[in-house]
Amino acid sequence: METGLSARRAVMLPWVSTVARLGLAAVWLIAGGLKVGDLAASGRAVSAYQIFPYDVAKVIGAVQPFLEIALGLLLLAGLAVRLSAGISAALLLIFIAGIISAWSRGLQIDCGCFSSGGELGAGASPTYGWDIVRDVGFLVLAGILLWWPRTRYSVDGILMGDVQ
Amino acid sequence: MSKATKDRAQAKRIVEQQRAAERRRQVTIWTSVAVVAVLVIAGLVGWGIAAGQEDNKTANLVTPSVAVDDGTAFAVGTGPVKIDVYEDFMCPICGQFESSVAGTIDQLVAANKVTVQYHPIAILDDASSTAYSTRSAAASAAAAVGGKFAEYHKVLFANQPAEGSAGLDDAKLVELGKSVGLGDDFAKAVDDGTYKAWATKVTDTAASRRVTSTPTVKVAGTNLQDRSAAGLTAAVDAAAQ
């Protein structure tokens, strides 16, 4: 695969991907970790988007933090990086779609991205634009891993027999 | 190097490449299976824990005898126009709302124009180190059972702790109750946390009605946008037509 790349890029790319992998792992672990302590609040955060019936939102709110933490751990370990990155990208696209949907309907909510608060606090206004920019940034990390999934210090690398 | 040696070397290289490719394929398949398995298990764990929490809620649930609206609110007044007030005792804007309209609400109740249903929900447990939202909502339920909801509701907002603080401790909640004439039953209910599960249920019911922020005020079922005294009076007058 590397034959088309210059030797320099072949050396650098796995390091770039490694940084992307660890960065995305941190994003998921923090996002999930901040929500997992109060699953009811996480459910309310999902419910605040007014997309799902409340009972469905509760289940999504309960499952989501665990999925995020699991994805974070998988990326941290570097197991099936391309698939993990693909699932990450799919989740991020869903989140971005949700934020755009809330924005377009004029809802006054916190995105609940890194917190379990669906409701906005004292006089706060929504920050949908920044939330989307941030999620797109994370999407770029996932994109890097989708294109160049080979990283240093990964379980994939060990199993594949790559030189570490 | 003879041609035969060259061919042998090339054949060997091709076989090695094929072996490596096969190995990569196997690794990709099994790591993918592992990833999917981990994610499914994680999802099931989340679901299981949430279901367990739901069971806990119903297992410990004590619904206050005086609660109305499917046992999720306390009514003040008996007038024809219904006002629903969803508040968290920790929420500063609720405090502002109370201080600006409490007098107006008292007048509307006294004039027998409105029935106010208070829904003490707990969505700001994170804003105190002691889950004050849940404890105060539970204490207000105990006050309602003691026949002093309106009075206790007022005194809680008058003594509202700051966001990010430890909140008022249970002893202070009891003391405030005594100050409005509540007795030992009230103190015991606060100390035992009798109505904590109920506070969670009220929060849940409110969320299922899309109440995601506090204060949410509904006059005759319609969200009140202008939460000033004048706005409230106008909405009540309109609903009474």
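A note on names: the letters A, B, ... follow the listed sequences, proteins ahead of strands, and every chain is numbered from 1. FYI, side chains are in, hydrogens and waters are out, and symmetry mates aren't considered; it's all heavy atoms of this structure.
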Heavy-atom side-chain contact between A:Leu83 and B:Thr31 under 4.5 Å:
no
Is chain A contacted by the side chain of B:Glu54, its backbone, both, or neither, given a heavy-atom distance below 4.5 Å?
side chain
Could you tell me which portion of B:Asp204 (side chain, backbone, both or neither) has an atom closer than 4.5 angstrom to a non-hydrogen atom of chain A?
both
A:Arg44 side-chain N/O to B:Val211 backbone N/O, donor-acceptor pair under 3.5 Å:
no
Structural part of A:Pro65 lying under 4.5 Å from a heavy atom of chain B
neither
Residue pair A:Met160 / B:Thr28, side-chain heavy-atom distance below 4.5 Å
yes
With a 4.5 angstrom heavy-atom cut-off, could you sort out which part of A:Tyr49 is near chain B: side chain, backbone, both or neither?
neither
Looking only at heavy atoms, the pair that brings B:Ala207 and A:Ser47 closest together is O-OG, 3.7 Å
Less than 4.5 Å to any heavy atom of chain A: does that hold for the side chain of B:Ala122, its backbone, both, or neither?
backbone
Rounded at 0.5 Å granularity, tell me how far CG in A:Asp55 sits from OG in B:Ser208.
7.5 Å
A:Leu67 and B:Gly43 have their tightest heavy-atom pair at CD2-N, 4.3 Å
Do B:Ile49 and A:Phe66 have side chains that approach each other closer than 4.5 Å (heavy atoms only, starting at C-beta)?
yes
Shortest non-hydrogen contact from A:Ala80 to B:Ser32?
CB-N, 3.9 Å
Are any of the side-chain heavy atoms of B:Val38 and A:Leu79 separated by less than 4.5 Å?
no
Checking A:Leu71 against chain B: side chain, backbone, both or neither under 4.5 Å from a heavy atom?
both
